[in-house]
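Note that these values count all heavy atoms, side chains included, but never hydrogens, waters or copies made by symmetry. Lettering of chains follows the sequences in order, A, B, ..., and the numbering in each one begins at 1. Predicted, not measured: the structure shown is a model, and the values here were computed from it.
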2 protein chains.
Amino acid sequence: MKPQTRSGSLRVGDLQLRILQILWERKEAAVAAVHEVLKPERDLAYTTVATMLRKMEERSLVAHREEGRTFLYRALVAAEQVGRSMTDHVVERLFEGSLADAVSHLLRTRDVSRGELDALEKLIRDAKRRAK
Amino acid sequence: MKPQTRSGSLRVGDLQLRILQILWERKEAAVAAVHEVLKPERDLAYTTVATMLRKMEERSLVAHREEGRTFLYRALVAAEQVGRSMTDHVVERLFEGSLADAVSHLLRTRDVSRGELDALEKLIRDAKRRAK
DNA sequence: ACTCGAAAACTACCTAGGTAGTACTAACGC
DNA sequence: GCGTTAGTACTACCTAGGTAGTTTTCGAGT
């Protein structure tokens, strides 16, 4: 019973993504906890986080249960799903679905260290082995 | 004199991206031409396209010159810029800037044909040669 | 029992993308 | 010369993301 692989587009904004990432890390978190984690990177009001969580619940991205007075939120979508849908979007819109074009662009437009290239090479080799 | 490499985030929506792609292909195009190209894929009203173009001009994504009564639009941002900024966004937000993680995810979450893997391998090799 | 504080609920705004109707205008054909 | 038409301008609306103030509520501590 995997967590509802609704293969919809799953568009999440930047803040929403960050919140999801926090929830992925810790399974469950109160608004205060999420706010705390976000504190250093973005100076958001507590209510902003709470509102965002509520809006995300409307969209079924998260759900909550009550523990005394406080809400404990958990993610309803998996990291894989969101990652997949975001990368899909870019690969499709920008490179007409071609993975090779996408990677090519990635390599061409930034400088990649020798070490990274080696790592990538290993990735490809592994993928090949697995496919064989 | 490269076309204003304003390294800003350059967020463009789906429709805007499609319009830019059309303009990249043909250097200059009238609203009617853009509308015509878009016709089969999205059934948009002519005015929708015109409005979008106007909004894009406000944001300096495109510019126009007048040829008689009609506006000929051209892209002000390069494909490279937009591609770069979109891929950057995903790589940063989703993979903490790690290109290897990004590619790894790409390979893991979809099935890649043998031929594509070969192509990718070549890409890496080329990149290595170039870096050396 | 009463106050205080923390939490949620409600409401309100702003921006950007997307979509399109309506109004105006100028050129072109007859 | 006049109406049709193609083209732009203007306006409006909807959605989603993001941000936050204000109000209510409820539990805990004195």
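Taking CZ from A:Arg108 and CZ from B:Arg130, the interatomic distance works out to 9.0 Å, rounded to the nearest 0.5 Å.
When the C1' atom of D:dA6 is taken as reference, atom NE2 of B:His35 falls 13 Å away, rounded to whole Å. The distance from atom CZ of B:Arg65 to atom P of D:dT8 is 13 Å, rounded to the nearest whole Å. The CZ-P distance, from A:Arg11 to C:dG17, rounds to 12 Å in whole Å. One atom, CE of B:Met56, and another, P of D:dA9, lie 16 Å apart when rounded to the nearest Å. Residue A:Leu53 contributes atom CG, which lies 11 Å from atom C1' of C:dA8 at whole-angstrom precision. Between B:Ile19 atom CD1 and C:dA16 atom P there is a gap of 17 Å when expressed in whole angstrom units. Distance B:Glu66 CD to D:dA9 C1': 12 Å, rounded to the nearest Å. To the nearest angstrom, P of D:dT8 lies 12 Å from CD of B:Glu67.
Applying the ring-ring contact (aromatic ring centres under 6.0 Å, His included) test to pairs two or more places apart or on separate chains, those with a residue in residues 45-65 of chain B are B:His35-B:Tyr46, B:His64-B:Phe71, B:His64-B:Tyr73. Sorted by first then second residue, the ring-ring contact (aromatic ring centres under 6.0 Å, His included) pairs that include residues 107-132 of chain B, not counting sequence neighbours, number zero. Counting only residues at least two apart or in different chains, ring-ring contact (aromatic ring centres under 6.0 Å, His included) contacts with residues 99-132 of chain A comprise A:Phe95-A:His105.
Within the nucleic acid shown, B:Tyr46 comes within 4.0 Å of at least one base atom, counting heavy atoms only.
Listed by chain and number, the residues in a salt bridge (charged side-chain N to carboxylate O under 4.0 Å, His left out) with B:Arg129 are B:Asp126 (sequence neighbours excluded). Listed by chain and residue number, nothing satisfies the salt bridge (charged side-chain N to carboxylate O under 4.0 Å, His left out) test with A:Asp101 (two or more places apart in sequence, or in another chain). Every residue two or more places apart in sequence or in another chain was checked for a salt bridge (charged side-chain N to carboxylate O under 4.0 Å, His left out) with B:Glu66, and none qualifies. Applying the side chain to side chain contact (heavy atoms under 4.5 Å, CB included) criterion to A:Asp14, with sequence neighbours excluded, gives A:Arg42, B:Arg11, B:His89, B:Arg93.
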*A:Glu67 and A:Arg65: salt bridge (Lys or Arg N to Asp or Glu O under 4.0 Å), yes or no, with the steps?*
CA-CA 7 Å; A:Glu67 178 78 40; A:Arg65 69 183 182 87; 2.9 Å; yes

Which atoms of nucleotides 26-28 of chain C (N or O only) lie under 3.5 Å from a protein N or O atom, and what are those distances?
from: C:dA26; atom 1: O3'; to: B:Arg69; atom 2: NE; distance (Å): 3.4
from: C:dA27; atom 1: OP1; to: B:Arg69; atom 2: NH2; distance (Å): 3.2

*Could you write nucleotides 18-25 of chain D as a row of B, S and -, 5' to 3', where a protein heavy atom under 4.0 Å of any base atom gives B, of only sugar-phosphate atoms gives S, and otherwise -?*
BBBBB---

